[in-house]
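To start, the structure itself, in structure tokens.
So that the names make sense, note that chain A is the first sequence line, chain B the second, and so on, each numbered from 1.
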Amino acid sequence: SQTIHQWPATLVQPVGSPLSLECTVEGTSNPNLYWYRQAAGRGLQLLFYSVGIGQISSEVPQNLSASRPQDRQFILSSKKLLLSDSGFYLCAWSEGNNQPQHFGDGTRLSIL
Amino acid sequence: QKEVEQNSGPLSVPEGAIASLNCTYSDRGSQSFFWYRQYSGKSPELIMSIYSNGDKEDGRFTAQLNKASQYVSLLIRDSQPSDSATYLCAVMGLTGGGNKLTFGTGTQLKVEL
């Protein structure tokens with residue numbers, strides 16, 4: 001069966017520091033991969049998605065970036081975090097078009 | 001107009017009752033529809049998928065889709081306190097080639113003893 005791993009579970013970072021969140025999927029090949037952010041009391045905001053290695057689509061222009069160095073690995077990065085980057089970051093995968101997405105456990109990021 | 005709209009609630013129902021959660025969407029070409037459950041502090045969990053008009057049942061859950069009215073609903077029978085959570089409606093539209101889900105902001109359900 002397929003599993004998705006996301007780490008770390010919680011992270012506290014100072015303003016201006018870099019960020020790297022990693023997500024890996026097991027038990028499937030060539031999944032679609034997604035990064036979302038959920039601010040407190042808000043809906044899910046799609047940040048990036050990828051349909052293949054090296055293919056990244058950005059949904060919201062901001063100081064975050066994403067990379068997919070391997071088929072089942074998706075990384076969310078920032079060179080300099082802002083206070084507004086605080087939130088619950090969720091990685092998700094799907095088998096392909098029109099298929100449901102399955103979420104990892106998420107990373108709760110607090111910026112001080 | 002929001003792309004996917006849900007009443008934020010909270011929707012309170014007594015234990016054992018039927019909870020009815022509703023969702024409307026704006027993209028008439030949408031093909032796939034999903035319901036997720038999210039407990040406080042946790043990630044969303046897929047509970048139902050529906051792709052064609054009508055009803056789809058899975059245990060205590062029934063999803064209903066009416067594409068003409070651009071409406072999708074989730075019924076939870078015999079509601080239990082463990083069903084207390086936020087329920088997210090998600091719609092897969094034509095934009096993004098069927099790769100992008102648009103989420104509603106969720107309906108908070110409270111099942112009271």
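- Annotation: residues 65-73 of chain A contacts chain B through no residue [non-hydrogen atoms, separation under 4.5 Å].
- The contact between B/Q38 and chain A is made entirely by side chain atoms (from C-beta outward), counting heavy-atom distances below 4.5 Å.
- When each of A/S57, A/G43, A/P100 is checked for heavy-atom pairs under 4.5 Å with chain B, A/P100 comes out on top.
- Listed here is the closest heavy atom pair of B/M92 and A/Q99: CE-O, 3.6 Å.
- The part of B/L46 that comes within reach of chain A is its side chain, from C-beta onward, which places non-hydrogen atoms under 4.5 angstrom from that chain.
- Considering only heavy-atom pairs separated by less than 4.5 Å from chain A, the leading option among B/S8, B/S32, B/P44, B/G41 is B/P44.
- Hydrophobic clustering places B/I50 together with B/M48 (ILVMFWY residues linked when any side-chain heavy atoms are closer than 4.5 Å, directly or through intermediates).
- Using a 4.5 Å cut-off between non-hydrogen atoms, the part of residues 103-112 of chain A that approaches chain B consists of A/F103, A/G104, A/D105, A/R108.
- Closest of all the heavy-atom pairs between B/F34 and A/N98 is CZ-O, 3.9 Å.
- Around NZ of B/K110, the count of heavy atoms belonging to other residues, nucleotides or ligands within 6.0 Å does not exceed 12.
- Under the rule for a side chain to side chain donor-acceptor pair (under 3.5 Å), the partners of B/T62 that lie at least two apart in sequence or sit in another chain are B/R77.
- Neither the backbone nor the side chain of A/Q45 comes within contact range of chain B, judged by heavy atoms closer than 4.5 Å.
- Contacts between residues 81-95 of chain A and chain B, counted as heavy-atom pairs separated by less than 4.5 Å, involve A/F88, A/L90.
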Chi angles and distances behind the side chain to side chain contact (heavy atoms under 4.5 Å, CB included) call for B/Y36, A/L44:
CA-CA 12 Å; B/Y36 289 82; A/L44 284 164; over 6 Å; no

